Protein chains: 2
Amino acid sequence: MLRIGELATKTGLTAHTIRFYEKSGLINASQRSESGYRYYTDTDVRQVEFVKTARKIGFSVDDVSTLLSIRVDKSNHTCHDVTEITQRKLNDVNEKISELLLMQQTLKILLNSCCGGPESATHCSIMEALDASNALKPRIIAE
Amino acid sequence: MLRIGELATKTGLTAHTIRFYEKSGLINASQRSESGYRYYTDTDVRQVEFVKTARKIGFSVDDVSTLLSIRVDKSNHTCHDVTEITQRKLNDVNEKISELLLMQQTLKILLNSCCGGPESATHCSIMEALDASNALKPRIIAE
DNA sequence: TATAAACTTAGAGTTAACTCTAAGGTCAAG
DNA sequence: CTTGACCTTAGAGTTAACTCTAAGTTTATA
């Protein structure tokens with residue numbers, strides 16, 4: 001049986017975060033001492049690690065909550081239930097990647113267009129591009 | 001001279017957002033009527049569009065503030081000043097992309113490992129992977 | 001027994017960039 | 001002169017996921 005600080009050390013979370021997860025309904029200490037101290041079993045540790053793993057993959061706390069409710073009652077859920085959450089998350093991630101790739105491309109174009117030297121910014125092509133307000137136009141880049 | 005609502009329509013921002021940008025120090029109406037209405041000139045419009053463009057590229061409001069201070073005093077700034085901000089932003093974006101690609105890869109592996117069908121989740125390989133807590137181990141994927 | 005480390009709770013603070021609300025003033029049209 | 005659209009301000013709310021604080025209690029150690 002671990003106390004919250006020990007669990008924190010073991011999982012690499014903070015005690016604060018563990019309490020926050022508890023408040024969010026993700027985890028619960030199997031036992032409390034008379035004085036109210038939380039005590040965690042091996043099963044609890046595994047659940048916290050599940051949460052940590054899922055969070056690291058990118059699932060929201062809300063997603064993790066759903067995944068946990070499946071986890072405790074697997075036989076009443078299907079693989080489809082699980083892949084649906086996963087697919088939705090993948091779609092989110094794909095969308096964010098697309099946005100970031102667009103930014104990346106634009107930033108690269110801007111950087112390539114500017115000398116970056118100690119010259120006065122009076123004719124800086126980055127500033128000009130931002131002013132032209134067509135800096136976002138899709139372009140074909142010759143690599 | 002445009003009133004804030006007209007400027008909003010013209011730029012695709014909301015009047016709220018324009019006021020927020022003003023409070024953030026990004027823009028200012030060139031004139032106010034006696035009763036306090038903001039009136040914007042063409043120069044103002046260009047500045048708002050500069051802000052919008054920069055924000056869309058991914059620069060933070062803070063970055064935009066810096067870029068604007070360069071913009072109004074180009075001769076006292078260098079191309080290096082501008083590329084530095086741009087490069088920093090690009091580094092941020094690159095880092096975020098890396099994180100997201102890692103998530104994407106993991107999510108894809110998870111999805112590939114699971115049938116996604118109406119079968120009970122009792123032996124769902126996604127759930128097992130999350131439980132195994134090695135779902136995050138780097139792997140080589142055969143495409 | 002004294003002290004320090006670890007624990008408890010409720011609740012506030014953080015971050016970024018808006019977004020919205022309340023309560024009221026202004027202006028053009030009919 | 002009334003109605004409705006538009007404007008003003010200050011300030012609160014939103015979102016996500018923590019992160020921290022304050023004030024007090026418990027436990028282990030010397």
Side-chain angles (χ1 to χ4, degrees), chain A residues 1-40 44 48 50-68 88-89 92-93 95-96 99-100 103, chain B residues 1-40 44 48 50-68 88-89 92-93 95-96 99-100 103:
Chain A
M1 299 282 265
L2 303 175
R3 291 194 308 189
I4 196 166
E6 296 162 324
L7 179 60
T9 303
K10 185 155 190 166
T11 57
L13 302 171
T14 68
H16 277 304
T17 299
I18 292 168
R19 286 193 205 96
F20 167 74
Y21 285 159
E22 181 181 307
K23 204 162 51 180
S24 304
L26 300 189
I27 54 182
N28 247 303
S30 285
Q31 291 200 25
R32 291 275 189 138
S33 71
E34 273 193 17
S35 56
Y37 278 32
R38 293 167 177 83
Y39 281 92
Y40 296 92
D44 295 335
V48 172
F50 180 99
V51 171
K52 199 195 172 192
T53 302
R55 285 289 299 120
K56 220 167 200 168
I57 290 172
F59 289 109
S60 68
V61 166
D62 227 53
D63 289 335
V64 177
S65 175
T66 308
L67 289 169
L68 282 170
R88 193 157 7 92
K89 189 75 224 168
D92 288 356
V93 167
E95 200 173 314
K96 274 188 201 152
E99 288 166 13
L100 286 169
M103 289 184 199
Chain B
M1 299 281 263
L2 303 175
R3 290 193 306 189
I4 196 165
E6 296 163 324
L7 178 60
T9 303
K10 185 155 191 166
T11 57
L13 301 171
T14 68
H16 277 303
T17 299
I18 293 167
R19 286 194 206 96
F20 167 75
Y21 285 160
E22 181 180 307
K23 205 162 51 178
S24 306
L26 299 189
I27 55 183
N28 246 303
S30 284
Q31 292 201 26
R32 291 276 190 139
S33 73
E34 273 193 18
S35 57
Y37 279 31
R38 293 166 176 84
Y39 281 93
Y40 297 92
D44 294 337
V48 172
F50 179 97
V51 171
K52 200 195 172 191
T53 303
R55 286 287 300 121
K56 220 168 198 168
I57 290 172
F59 288 109
S60 68
V61 166
D62 228 54
D63 289 335
V64 177
S65 175
T66 308
L67 288 169
L68 282 170
R88 194 159 4 94
K89 191 74 223 169
D92 288 356
V93 167
E95 199 174 315
K96 274 189 201 152
E99 287 167 13
L100 286 168
M103 288 185 198

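Just so you know, these numbers come straight off a predicted model, no measurement behind them. Here is how names work: the chains are called A, B, and so on, in the same order as the sequence lines, proteins then strands, and each is numbered from 1.
A donor-acceptor contact shorter than 3.5 Å links the side chain of Asp63(A) to the backbone of Ser60(A). Side-chain N or O atoms of Lys96(A) include none that pairs as donor or acceptor with a backbone N or O of Leu100(B) at under 3.5 Å. The main-chain N or O of Leu13(A) is never found under 3.5 Å from a side-chain atom of Lys52(A) such that the two would form a donor-acceptor pair.
Here the nucleotide nearest the side chain of Thr17(B), chosen from dC7(C), dT19(C), dG25(C), is dT19(C). Among dC6(D), dA17(C), dG11(C), the nucleotide with an atom closest to any side-chain atom of Phe20(B) is dA17(C). The side chain of Val61(B) lies closest to dC18(C), out of dA17(D), dC18(C), dT27(D). The Ser60(B) side chain lies nearest to dA17(C) when the options are dC18(D), dC7(C), dA17(C). When the nucleotides dT9(D), dT8(C), dT26(D) are ranked by their closest atom to the side chain of Arg19(B), dT9(D) comes out on top. Distance from the side chain of Arg32(A) is smallest to dT9(C) among dT9(C), dT26(D), dA6(C).
Spacing between atom CD of Glu22(B) and atom P of dG11(D) amounts to 16 Å, rounded to whole angstrom units. Look at NZ on Lys56(B): it is 19 Å from C1' on dA16(C), rounded to the nearest Å. When the C1' atom of dT8(D) is taken as reference, atom CD1 of Ile18(B) falls 15 Å away, rounded to whole Å. One atom, NZ of Lys10(B), and another, C1' of dC6(D), lie 19 Å apart when rounded to the nearest Å. The CD atom of Glu99(A) sits 15 Å away from the P atom of dA17(C) (whole-angstrom rounding). When rounded to the nearest whole Å, the span between CD of Glu34(A) and P of dT8(C) equals 15 Å. Rounded to a whole Å, the CD atom of Gln31(B) is 16 Å from the P atom of dC7(D). At whole-Å resolution of the value, NZ in Lys89(B) and P in dA16(C) are 11 Å apart.
When heavy atoms are screened at a 4.0 angstrom cut-off, Ser24(A) is found touching no nucleic acid atom at all. Using a 4.0 Å heavy-atom criterion, one finds that Tyr39(B) contacts no nucleic acid atom at all.
Dashed line: the shortest gap from a side-chain N or O of Tyr21(B) to OP1 or OP2 of dA17(C) is not under 4.0 Å. Between Arg3(B) and dC6(D) there is no side-chain N or O to OP1 or OP2 distance below 4.0 Å.
No side-chain heavy atom of Val64(A) sits under 4.5 Å from any side-chain heavy atom of Tyr21(A). Side-chain contact between Arg38(B) and Arg3(B) is absent, with no heavy-atom pair separated by less than 4.5 Å.
Comparing Ser35(A) and Lys23(A) by the nucleotide of DNA chain D whose heavy atom lies nearest to each, the residue mapping closer to the 5' end is Lys23(A). The 5' end of DNA chain D is approached more closely, in terms of each residue's nearest nucleotide, by Arg38(B) than by the other of Asp62(A) and Arg38(B).
Not a single donor-acceptor pair, N or O on each side, falls under 3.5 Å between the base of dC27(C) and the side chain of Tyr37(B).
Counting only N and O atoms by type, the side chains of Ser65(B) and Asp62(B) include no donor and acceptor under 3.5 Å apart.
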